[in-house]
Amino acid sequence: MRNHEGFGVGLMEANTVGRDRIDRALATIRDHLDMEVAYLSEFVGDQSVFRAVDAPGFEELAHVGRSLSLDDVYCRHIIEGRLPELIPDTSANSFAAAMPITQAVPIGSHMSLPIRRPDGTIYGMFCCLSSKPNVSLNERDLNTMKVFADLVSEQVHSDLEQEKDLREKRSRVETALEAKAFKPVYQPIWDMLSGQPLGFEALCRFESEPYRSPDLWFNEAADTGLALALELSALEQALELAAELPEPLYLSLNASPQTVLSGELEKLLHAHRRDRLVIEITEHAPVDDYQLLVDALDRLRAEGVRIAIDDAGAGYSSLQHIVRLRPDIIKLDMSLTRNIDTDPALRSLASALIHFSRETGALIVAEGIETEGELAMLKMLGVYGGQGYHLARPAPREQALALVENLKPAQTRVA
Ligand code: G
Ligand code: MN
């Protein structure tokens with residue numbers, strides 16, 4: 001279930017764009033100065049760790065992740081003034097010549113500049129070296145290198161900021177997951193003809209101060225590799241209502257394609273009457289491989305689960321989505337519902353989808369009905385089901401159950 005284990009938000013994992021930029025800066029300056037090795041290092045404790053390297057043919061010597069003691073390399077001596085930033089010939093510098101690493105590598109020429117964090121502390125070094133002396137290297141070359149070092153240092157700052165941001169997000173989501181600081185609420189979905197409830201959609205609400213919308217939580221979970229864990233945990237809680245719903249009411253659950261593809265959803269649904277469950281495919285990003293998703297949905301369908309396309313008409317929930325996933329239910333996004341009674345363009349669009357649904361055997365459920373006018377228009381257009389604040393707000397389990405309890409046996413609600 002926890003596909004995120006071992007997920008490390010490191011500088012280089014956090015930002016591949018940033019990494020590319022740094023790699024290009026290293027390659028360009030190395031080539032320009034005609035040196036063999038260029039690298040960016042980070043000081044971690046008393047080690048210098050290679051974070052980005054451009055060293056064709058010298059990968060053994062310099063590769064990302066390799067670390068060397070700060071006592072053995074030039075870096076700290078340069079920062080503390082024992083070695084200069086520019087060394088065209090190490091044999092001409094007695095301090096450099098006496099260091100074991102100079103013969104071991106060997107280092108013939110060396111240029112290195114510190115990379116500082118915004119607070120002035122040292123992040124690491126931006127460095128070029130060659131096995132042979134390069135006596136043409138001069139102050140002008142060092143100045144050119146400074147321009148590149150400045151660019152790299154800006155990139156490092158922004159990557160570090162992003163990394164910090166991700167770490168905060170991740171720990172926020174982890175804390176919510178551990179404390180299960182969220183609970184389901186249930187919004188009834190009504191039969192537009194009879195005015196009776198058809199079922200409930202489970203929605204997740206987070207207990208946090210200040211209030212943060214479920215979208216925000218799920219986006220943060222997605223950014224930090226915790227989306228599957230969070231969705232499964234929310235689904236597990238939402239499913240608690242399933243066994244308590246009187247026949248033939250169904251429970252509608254939101255799941256992203258990634259969760260459907262994980263295989264974990266099937267396991268979670270196994271203990272329940274699958275013919276009373278609907279999975280709403282919620283989508284915030286393009287689907288990479290429709291065939292894989294169709295196959296996973298077919299496995300759920302084979303068990304009796306019905307499939308709905310959520311937010312149809314908005315975002316990535318495109319017509320393509322509807323055509324390829326062949327849903328049992330199409331949920332009209334609330335942007336189509338809003339003002340449908342006064343906007344002819346919305347009305348024709350909804351009509352087209354209703355026509356499509358009839359042809360393909362799907363049912364239309366309109367979301368976000370907020371006024372009597374919208375409700376009346378959607379009924380007139382022949383929409384099968386509807387939900388929205390005008391009919392009922394999402395409510396905790398007890399209230400949801402009380403609603404259907406009250407409806408029996410009189411069943412008098414008029415929608
Ligand atoms: O994306 P999805 O359709 O699953 O999410 C529906 C969201 O819209 C929920 O957060 C729910 O609380 C909210 N919602 C439900 N009914 C209405 C409504 O009538 N108006 C508005 N603005 N939001 C609604
Ligand atoms: Mn939904």
Side-chain angles (χ1 to χ4, degrees), residues 182-190 192 197-208 211-222 227 230-231 234-235 237-239 241-242 250-260 265 277-285 287 297 300 305-318 321-322 325 327-341 346 350 353 362-379 383-397 399-400 403 415:
F182 42 87
K183 59 175 178 354
V185 286
Y186 302 91
Q187 186 175 37
I189 302 162
W190 305 88
M192 297 288 260
L198 294 162
F200 287 88
E201 175 176 359
L203 298 157
C204 193
R205 291 291 179 266
F206 289 80
E207 298 142 11
S208 61
Y211 171 80
R212 303 166 84 239
S213 75
D215 273 357
L216 193 58
W217 280 102
F218 281 102
N219 287 342
E220 290 203 341
L230 185 61
E231 274 198 34
L235 284 167
Q237 292 197 38
L239 276 161
L241 188 78
Y250 67 83
L251 182 62
S252 205
L253 303 160
N254 292 286
S256 68
Q258 290 67 36
T259 297
V260 172
L265 183 63
L277 296 177
V278 171
I279 295 296
E280 300 188 10
I281 306 297
T282 334
E283 190 44 322
H284 300 290
V287 171
L297 292 177
L300 287 171
V305 176
R306 283 182 295 160
I307 305 302
I309 297 294
D310 205 2
D311 306 326
Y316 288 101
S317 193
S318 63
H321 221 62
I322 297 172
L325 302 182
D328 305 284
I329 297 166
I330 297 171
K331 300 200 70 175
L332 277 195
D333 187 64
M334 61 179 92
S335 60
L336 292 183
T337 298
R338 188 71 54 257
N339 299 324
I340 192 162
D341 48 334
L346 286 178
L353 277 169
L363 298 170
I364 295 257
V365 172
E367 294 183 320
I369 302 171
E370 288 189 355
T371 68
E372 189 58 38
E374 290 165 357
L375 176 65
M377 178 55 70
L378 287 160
K379 264 204 253 185
V383 163
Y384 168 74
Q387 68 189 98
Y389 293 166
H390 180 64
L391 300 170
R393 292 203 169 238
R397 175 180 156 278
Q399 266 170 270
L403 174 81

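Note that the structure is a prediction, hence the values are computed from the model and not measured. Below, all heavy atoms of this structure are taken into account, side chains as well, without hydrogens, waters or symmetry copies. Counting starts at 1 for both ligands and their atoms, following the listed order. For this chain, numbers begin at 1 and follow the sequence in order.
Among protein heavy atoms, the minimum distance from atom 13 (C) of ligand 1 is reached at Tyr389 OH, 3.9 Å. Looking only at protein heavy atoms, the nearest one to atom 7 (C) of ligand 1 is Met334 CE, 4.2 Å. In terms of protein heavy-atom proximity, atom 3 (O) of ligand 1 is closest to Glu367 OE2, 2.7 Å. Scanning the protein for heavy atoms near atom 10 (O) of ligand 1, the closest one is Arg205 NH2, 3.4 Å. For atom 16 (N) of ligand 1, the nearest non-hydrogen atom of the protein is Gln187 NE2, 3.0 Å. Here the heavy atom of the protein found nearest to atom 6 (C) of ligand 1 is Leu203 CD2, 4.1 Å. For atom 2 (P) of ligand 1, the nearest protein heavy atom (residue, atom name, distance) is Asp310 OD2, 3.5 Å.
Because the distance cut-off is set at 2.8 Å, Ser252 fails to qualify as a neighbour of the Mn ion (ligand 2), as none of its N, O or S atoms comes that close. Residue Asp310 counts as close to the Mn ion (ligand 2), with an N, O or S atom under 2.8 Å.
To the nearest 0.5 angstrom, Ile322 atom CD1 is 13.5 Å from Lys331 atom NZ.
Glu231 and Asn254 share no side-chain donor-acceptor pair at under 3.5 Å.
Of all non-hydrogen atoms in Tyr186 and Ala400, the two that sit nearest each other are CB-CB, 3.9 Å. What you find for Gly368 and Met334 is that their closest heavy atoms are CA-CB, 3.7 Å. Contact detail for Pro188 and Ala392: the closest heavy-atom pair is CG-CB, 3.4 Å. Looking at every heavy atom in both residues, Asp310 comes nearest to Thr282 through OD2-CG2, 3.8 Å. Closest non-hydrogen pair, Ala238 versus Leu251, comes out as O-CD2, 3.6 Å. Of all heavy-atom pairs between Val365 and Gly386, the closest is CG1-N, 4.2 Å.
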Inset, instruction - Could you check Asp333 against Ser335 for side-chain hydrogen bond (donor to acceptor under 3.5 Å, both in side chains), going step by step and ending with a plain yes or no? - result: CA-CA 5 Å; Asp333 187 64; Ser335 60; 2.6 Å; yes
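Numbered from 1 in the order shown, with element, the atoms of ligand 1 that lie under 4.0 Å from a heavy atom of Pro394 read 12 (O). Close approach to Asn254 involves these atoms of ligand 1, each under 4.0 Å from a residue heavy atom: 4 (O). Within ligand 1, counting atoms from 1 as listed, the ones closer than 4.0 Å to a heavy atom of Asp311 are 1 (O), 2 (P), 3 (O). Per-residue contacts place Gly388 under 4.0 angstrom from the following atoms of ligand 1 (heavy atoms of the residue considered): 16 (N), 19 (O).
Looking only at N/O/S atoms, Glu280 comes nearest to the Mn ion (ligand 2) through OE1. Of all the N, O or S atoms in Glu201, the one closest to the Mn ion (ligand 2) is OE2.
In this structure, Thr282 does not count as a contact residue of ligand 1, since none of its heavy atoms falls inside 4.0 Å of the ligand. Contact analysis leaves Glu374 out of contact with ligand 1, as no non-hydrogen atom separation drops below 4.0 angstrom. Residue Glu201 places a heavy atom under 4.0 Å from ligand 1.
Closest heavy-atom approach to atom 22 (N) of ligand 1 within the set Arg338, Gln387, Glu370, His390: this belongs to Glu370.
Under the 4.5 Å side-chain criterion, counting only non-hydrogen atoms from C-beta, Val287 is not in contact with Leu325. Looking only at side-chain heavy atoms (C-beta outward), Phe218 and Cys204 come within less than 4.5 Å of each other.
Taking the six-membered ring where tryptophan is involved, the planes of Phe206 and Trp217 are essentially parallel, since the angle between them stays under 30° and well short of 60°.
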